[in-house]
2 protein chains.
Amino acid sequence: MKDEEALAMALGVNLLAAAGALTAAIHDGVLVRGFDDLRPAHGFAFARMAAGGATVTELAAHLGVTRQAAGQLVDELEAKGYAERRPHPDDARARLVVLTERGRACTRAAEQAAADAVRPWAGLLGEDRLRALTADLGRLAPGGPVRPTW
Amino acid sequence: MKDEEALAMALGVNLLAAAGALTAAIHDGVLVRGFDDLRPAHGFAFARMAAGGATVTELAAHLGVTRQAAGQLVDELEAKGYAERRPHPDDARARLVVLTERGRACTRAAEQAAADAVRPWAGLLGEDRLRALTADLGRLAPGGPVRPTW
DNA sequence: GCAACTTGCTCAAGTTGCTTGCCTATCAGG
DNA sequence: CCTGATAGGCAAGCAACTTGAGCAAGTTGC
């Protein structure tokens with residue numbers, strides 16, 4: 001295997017390991033904070049809805065799934081009290097999915113859990129390098145798939 | 001949201017985006033090279049088998065799934081000619097799963113695809129920073145889950 | 001050297017998150 | 001108004017995983 005290929009494979013493995021570890025840590029933290037009926041996938045929907053709500057179609061595009069799948073996910077969130085469907089102000093076909101207070105509380109819990117998970121990393125690399133790493137990553141794959149897959 | 005939390009969330013999103021983009025690019029590259037009957041998950045099994053083979057139990061641990069699931073995956077790889085089961089030299093209960101020549105060819109294709117996908121990134125950041133990024137990532141989550149999840 | 005437990009693997013059945021296919025309601029353009 | 005496109009929901013099916021049970025081979029303790 002050429003050196004270039006070895007670097008690429010190592011990068012891939014490390015990316016997946018870090019992404020997986022962070023996702024798992026956030027998920028665990030959210031669970032510990034009392035939200036034990038959600039999967040990581042829901043968090044990505046929350047993030048998309050946080051700013052003024054989103055339609056099912058928008059959520060589907062954001063998550064990289066079909067509209068039907070996104071609709072089922074919203075059904076679940078609605079049944080569990082994290083989100084609710086409201087009529088869309090501009091389009092009678094569409095329905096705006098917005099977070100409930102419980103949904104916003106869960107979002108805050110996720111942010112705290114994320115901070116807790118990342119804190120030891122800042123200790124490992126130093127905060128400067130961690131910020132640089134975050135920025136570099138952002139340049140590599142802007143708009144990459146935010147796909148759960150667990 | 002506190003600044004610390006914002007950094008943590010941004011890091012998470014960027015990690016997932018980069019990991020997802022790279023995984024998708026490798027998968028596409030492997031597909032283009034003629035291996036169109038595999039999913040990304042299989043690649044992780046290949047990587048574990050590459051060095052002398054692995055048992056089903058080892059694969060299960062590596063992939064983070066049950067032994068039954070790993071066994072099904074091996075069934076599939078065997079049916080498609082990428083791997084084969086051989087008696088384990090030291091333990092008559094166990095069976096050693098090893099790559100066939102076709103499996104090794106696919107592994108090489110994946111390495112080439114990974115190098116192709118990463119090359120533009122080296123152009124973006126410079127090779128030094130890319131190596132530093134890879135090394136930093138490796139320190140963050142050593143032994144993190146190498147889980148497919150697509 | 002035999003009984004009791006553990007480990008490696010497989011078969012079978014059930015769950016689930018997603019898909020494809022089809023349908024209605026609404027919008028936008030001529 | 002029609003015509004086509006878009007938002008969403010209903011239903012059925014699928015595919016990757018799970019839990020549960022069982023057999024063969026290894027390991028431990030007396």
Side-chain angles (χ1 to χ4, degrees), chain A residues 16 20 23-24 27 36-46 48-49 52-80 82-98 145-150, chain B residues 20 23-24 27 31 36-46 48-49 52-80 82-98 145-150:
Chain A
L16 279 165
T23 305
H27 186 234
D36 59 350
D37 53 356
L38 293 175
R39 288 170 295 107
H42 298 118
F44 298 106
F46 282 14
R48 182 64 186 75
M49 287 189 279
T55 66
V56 167
T57 298
E58 286 167 349
L59 283 176
H62 182 66
L63 297 176
V65 298
T66 58
R67 280 166 307 175
Q68 288 84 338
Q72 289 175 8
L73 193 140
V74 170
D75 287 343
E76 200 183 336
L77 291 180
E78 207 168 18
K80 291 175 179 168
Y82 292 100
E84 56 185 15
R85 288 183 229 243
R86 318 186 136 226
H88 196 288
D90 303 333
D91 189 338
R93 293 171 303 179
R95 315 182 63 179
L96 202 57
V97 186
V98 297
V146 191
R147 195 141 174 211
T149 139
W150 298 258
Chain B
T23 306
H27 186 233
L31 208 125
D36 58 351
D37 54 356
L38 293 175
R39 289 171 294 109
H42 298 119
F44 298 105
F46 282 15
R48 182 63 185 78
M49 287 189 278
T55 66
V56 167
T57 298
E58 287 167 348
L59 284 176
H62 182 67
L63 297 177
V65 297
T66 57
R67 280 167 311 198
Q68 289 86 333
Q72 288 174 10
L73 192 141
V74 170
D75 287 343
E76 199 184 337
L77 289 179
E78 206 167 19
K80 291 175 178 168
Y82 291 101
E84 57 185 16
R85 286 182 229 242
R86 318 185 136 228
H88 195 289
D90 303 332
D91 189 337
R93 293 171 303 177
R95 314 182 65 179
L96 201 58
V97 185
V98 297
V146 193
R147 196 140 173 212
T149 130
W150 306 257

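Below, read A as the first sequence line, B as the second, and so on, with proteins coming before strands; counting in each chain starts at 1.
- Judged as a side-chain hydrogen bond (donor to acceptor under 3.5 Å, both in side chains), the pairs with a partner in residues 82-93 of chain A (not counting sequence neighbours) are, in order, A/Asp37-A/Tyr82, A/Asp75-A/Arg85, A/Glu78-A/Arg85, A/Tyr82-A/Arg102, A/Glu84-A/Arg86, A/Asp91-A/Arg93.
- Listed here is the closest heavy atom pair of A/Leu63 and A/Ala41: CD2-O, 4.3 Å.
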Write down the protein N/O and nucleotide N/O pairs, taken from nucleotides 21-24 of chain C, whose separation is under 3.5 Å; answer none if there are no such pairs.
unit_1 : atom_1 : unit_2  : atom_2 : d
C/dG21 : O6     : A/Gln68 : NE2    : 2.7

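- In this structure, CZ of A/Arg39 is placed 15 Å from P of D/dC17, rounded to the nearest angstrom.
- Between A/His42 and A/Leu73, the shortest heavy-atom distance links the atoms CD2-CG, 3.7 Å.
- Once rounded to the nearest 0.5 Å, the distance linking CG of B/Leu38 with CZ of B/Phe46 reads 5.0 Å.
- Closest approach of A/Val98 and A/Gly53 over heavy atoms only: CG1-CA, 4.0 Å.
- Consecutive Watson-Crick or G-U pairs involving DNA chain D, each under 3.5 Å on both distances, make up stems of three or more pairs at C:1-30 with D:1-30.
- A heavy-atom distance below 4.0 Å to DNA chain D is reached by these residues of residues 84-96 of chain B, ordered by number: B/Asp91, B/Ala92, B/Arg93.
- Rounded to whole Å, atom P of C/dT7 lies 19 Å from atom CG of B/Leu59.
- Here D/dG9 presents its P atom at 11 Å from CD of A/Gln72, a figure rounded to the nearest Å.
- Put simply, CG on B/Asp37 is 14 Å from P on D/dA15, counting in whole angstrom units.
- Note: CD (A/Glu58) to C1' (D/dT6) measures 13 Å, nearest angstrom.
- In this structure, B/Thr57 reaches the sugar-phosphate backbone alone: every heavy-atom distance under 4.0 Å involves primed, P, OP1 or OP2 atoms, never a base.
- Here A/Thr66 reaches the OP1 or OP2 of C/dT19: one of its side-chain N or O atoms lies under 4.0 Å away.
- For the pair A/Leu73 CG and C/dG17 P, the computed distance is 9 Å after rounding to whole Å.
- Between A/His62 atom NE2 and D/dA7 atom P the separation is 17 Å, expressed in whole Å.
- Take the nearest nucleotide of DNA chain C for A/Gly64 and for B/Asp75: the residue whose nucleotide is more 5' is B/Asp75.
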Give the table of side-chain donor-acceptor pairs shorter than 3.5 Å for residues 64-71 of chain A, with sequence neighbours excluded, one pair per line with atom names and distance.
unit_1  : atom_1 : unit_2  : atom_2 : d
A/Thr66 : OG1    : A/Ala69 : N      : 3.3

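- When the side-chain contact (heavy atoms from CB on, under 4.5 Å) test is applied to A/Ala54, the partners found at least two apart in sequence or on another chain are A/Arg48, A/Met49, A/Glu58, A/Leu59.
- Here the closest heavy-atom approach between residue B/Ala94 and residue B/Thr55 is recorded as CB-CG2, 4.2 Å.
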